Number of protein chains: 2
Amino acid sequence: MTVTLADVAARAGVSSATVSRVLNGNYPVADGTRTRVLRAVDELQYVVNGPASALAAATSDLVGILVNDVADPFFGIVASAVQSEMGGEGVTGAGQKLAVVCNTGGSPERELTYLTLLRRQRAAAVVLTGSAVEETAHSTALADRLRHLAAGGTRIVLCGRPPLPPRSGTTEQPPAPAEDGVVTLTFDNRGGSHRLTAHLLTLGHRRIGYVTGPADRSTTRHRLEGHRRALGEQAPEALAEAERLTVHGGAYDRSAGYDGALELLRRAPDLTAVLAANDTVALGVCAALRDRGLRIPEDVSVGGFDDLPFAADASPALTTVRLPLHEAGARAGRLALGLETPPPGDVATVRADLMVRASTAPPAPR
Amino acid sequence: MTVTLADVAARAGVSSATVSRVLNGNYPVADGTRTRVLRAVDELQYVVNGPASALAAATSDLVGILVNDVADPFFGIVASAVQSEMGGEGVTGAGQKLAVVCNTGGSPERELTYLTLLRRQRAAAVVLTGSAVEETAHSTALADRLRHLAAGGTRIVLCGRPPLPPRSGTTEQPPAPAEDGVVTLTFDNRGGSHRLTAHLLTLGHRRIGYVTGPADRSTTRHRLEGHRRALGEQAPEALAEAERLTVHGGAYDRSAGYDGALELLRRAPDLTAVLAANDTVALGVCAALRDRGLRIPEDVSVGGFDDLPFAADASPALTTVRLPLHEAGARAGRLALGLETPPPGDVATVRADLMVRASTAPPAPR
DNA sequence: CTGTTAGCGCATTCAG
DNA sequence: CTGAATGCGCTAACAG
């Protein structure tokens with residue numbers, strides 16, 4: 001019914017082993033034979049049986065990309081960048097990886113589930129993107145599972161989240177990096193956030209509201225830490241009331257920003273700036289401010305994070321911190337394919353640059 | 001090294017067939033045996049070898065979801081809805097499908113490539129979402145490949161695109177539906193667009209600009225057709241200059257709307273309304289109008305399409321046509337799993353409802 | 001209800 | 001450079 005290697009072999013007048021060799025291209029085959037085989041493949045419309053070859057070779061061409069939210073452009077950009085590196089070899093060719101995105105919805109359970117599903121498929125690699133859930137039980141479970149996968153030959157790349165915690169159970173010196181083949185590309189969230197807050201402080205702002213991302217997420221924590229550190233360094237007096245000026249948004253979405261800004265306004269009607277966990281949240285903040293009759297940046301300055309495409313388009317254009325999402329995703333893809341040598345220590349930090357635009361300005365004179 | 005079915009069988013003191021049966025749960029097994037096996041599975045941390053089982057069973061648990069643009073929320077919503085239906089059976093269980101999204105970037109070639117990759121994996125199902133590229137060579141190639149897949153046991157669902165063209169080569173009567181097991185959920189783009197334009201005409205608008213989506217896409221064409229039909233029915237005089245008032249946007253993105261609106265204003269400074277191919281484009285239109293000093297809806301009314309979450313949040317809230325994206329995606333998922341019986345004729349049309357909001361109003365009196 | 005027996009389609013030794 | 005033979009890990013008859 002379905003055409004197999006043997007069919008192609010018969011048609012080309014060679015053995016199936018030879019067909020396999022030309023298809024995988026990792027073995028010398030005479031030119032004449034090769035073309036004959038290729039022609040047969042074409043005429044028969046032969047398509048490799050993935051499972052069979054995965055079984056025999058003990059490795060598949062599946063590459064999983066785990067994202068927290070497919071509907072969020074942040075992940076869309078990273079995912080498509082990862083995929084962009086998987087093109088190779090043309091359609092017929094082997095080596096064609098099937099890059100595939102798995103939507104965890106930010107749920108630790110689904111993250112784990114996908115990981116076993118991918119393990120079951122003997123995935124060639126898996127790339128985990130975006131912030132990690134910081135809950136001890138989950139993170140050790142996750143680390144365990146990832147190390148299992150890595151041990152089974154699956155390449156693991158973390159993109160946009162912190163490195164795995166050191167192996168559980170061992171009481172070694174903490175500075176020893178994982179050393180387990182898991183490569184990490186982590187964003188400089190603390191640094192970027194620090195620079196953004198410093199920018200506001202330099203403009204003269206002292207009462208700066210902050211709407212965080214969801215709790216228990218590494219990114220949420222790091223960005224807040226960077227903010228607080230800048231405050232501590234440049235305006236210790238502002239740090240004192242930082243807690244009161246911080247609202248915990250429940251998600252990285254617009255309504256978190258909208259509601260958060262209203263709450264901030266309630267707590268401190270005299271604030272002169274609001275920083276948000278990311279650009280989407282920032283847009284919600286802007287909407288709330290406008291609904292309250294406040295002008296941006298004349299009355300209140302606003303800052304975001306990520307620099308998604310719409311940030312520059314917003315009105316006013318949003319001051320934010322740029323994360324080179326596409327670049328990082330592409331690099332993660334190459335790392336996943338083993339096309340690029342891992343950074344020393346298997347951890348690299350990706351820069352986060354301040355982008356000053358129209359949504360921030362000096363506070364209005366009182 | 002890696003633990004296999006046989007290892008589990010040995011440990012549980014049964015045959016490997018029995019282990020297979022409890023794992024797949026589709027065969028009677030004594031309760032005592034079952035628990036013994038399950039315990040062994042657990043102790044050994046056994047994970048099924050997907051490729052091996054796919055090879056033996058001639059079908060895998062992979063479900064592919066093809067989307068035109070992962071970074072676009074339209075697809076994110078549909079994709080996550082499809083995935084939401086794949087939960088089943090708990091983590092250990094078999095039957096767990098690996099739903100996986102493939103980003104074609106709107107490229108016909110990548111679409112075809114993914115299809116062969118999925119065929120190679122013997123995917124259980126594939127769901128193609130969003131508008132189809134309307135180019136004869138490609139659509140027949142696509143239809144061919146899909147029918148191959150279907151013949152090979154892969155379930156095919158089209159969601160948000162028109163049904164496949166009738167089988168090439170046969171000169172049968174056109175009304176005969178495909179009858180090849182490909183199920184289609186098509187959106188009522190023409191009808192929705194018709195209702196939106198009718199709404200504007202009823203308000204009194206006569207000079208209505210239109211910014212289309214990318215050329216060669218089914219969705220682009222259908223929406224434009226609905227618009228023109230409404231014009232023809234209710235305002236034949238307006239239809240006459242419809243061509244001049246139509247700008248072809250190059251993509252479903254914001255800048256297409258921005259540039260398109262500027263071009264429209266150049267051609268017809270006196271237009272009173274602008275319709276866009278979708279909400280994202282509409283937002284670009286709004287930005288351009290505002291930059292030109294025009295108020296919405298006092299000076300110009302604006303309408304979108306899709307009703308993505310941000311449409312209701314925009315200011316002013318966008319009048320648009322609501323597509324039940326989540327509902328349609330979930331249904332596509334169930335259809336892909338064979339959990340729901342296909343509609344008669346294997347084609348169902350999904351409704352598109354007009355959502356009147358603040359961005360449309362009667363034209364200003366002259 | 002459970003064990004035995006064959007392959008599934010391909011990648012690899014190992015010989016030629 | 002090429003062919004023949006073996007087995008990857010599992011499922012599906014087929015017996016018991």
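Computation of the quantities below employed the complete heavy-atom set of this structure, encompassing side-chain atoms and omitting hydrogens, waters and symmetry-equivalent molecules. Below, chains carry the letters A, B, ... as their sequence lines are ordered, and counting in each starts from 1. The model shown is predicted, which means the values in this text are computed figures rather than measured ones.
In this view, B:S15 and B:T18 satisfy the side chain to side chain donor-acceptor pair (under 3.5 Å) rule, not counting sequence neighbours. Listed by chain and number, the residues in a side-chain contact (heavy atoms from CB on, under 4.5 Å) with A:A71 are A:D69 (sequence neighbours excluded). Contacts of B:R110 classified as salt bridge (charged side-chain N to carboxylate O under 4.0 Å, His left out), with partners at least two apart in sequence or in another chain: none. Annotation: salt bridge (charged side-chain N to carboxylate O under 4.0 Å, His left out) contacts of B:R39 (sequence neighbours excluded): none. Every salt bridge (charged side-chain N to carboxylate O under 4.0 Å, His left out) that A:R331 has, sequence neighbours left out, goes to A:E340. Listed by chain and residue number, A:E111, A:L128, A:A132, A:L142, A:L158 satisfy the side-chain contact (heavy atoms from CB on, under 4.5 Å) test with A:R161 (two or more places apart in sequence, or in another chain). The side chain to side chain donor-acceptor pair (under 3.5 Å) test applied to B:H148 returns no partner, not counting sequence neighbours.
Once you apply a 4.0 Å limit to the heavy atoms of chain B, the touched nucleotides of DNA chain C run 5' to 3' over C:dC1 to C:dG9.
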Self-check item: Sequence-aligned protein contact record of nucleotides 8-16 of chain D, with B where the base is within under 4.0 Å of a protein heavy atom and S where only the sugar-phosphate is
Solution: BBBBBB---
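A salt bridge (Lys or Arg N to Asp or Glu O under 4.0 Å) check over residues 43-52 of chain A, counting only residues at least two apart or in different chains, returns the pairs A:R11-A:E43. Residue pairs meeting the salt bridge (Lys or Arg N to Asp or Glu O under 4.0 Å) criterion with at least one partner in residues 16-33 of chain B, sequence neighbours excluded, are B:D31-B:R34.
Taken over five-pair windows at either terminus, the axes of the helix from C:dC1-D:dG16 to C:dG16-D:dC1 are inclined to one another by 30° (rounded to 10 degrees).
The side chain of A:T33 contributes no N or O atom lying less than 4.0 Å from OP1 or OP2 of D:dC1.
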Practice problem: Let me see the working for B:V100 and B:I65 under side chain to side chain contact (heavy atoms under 4.5 Å, CB included), right down to the final yes or no. | Solution: CA-CA 6 Å; B:V100 107; B:I65 305 171; over 6 Å; no
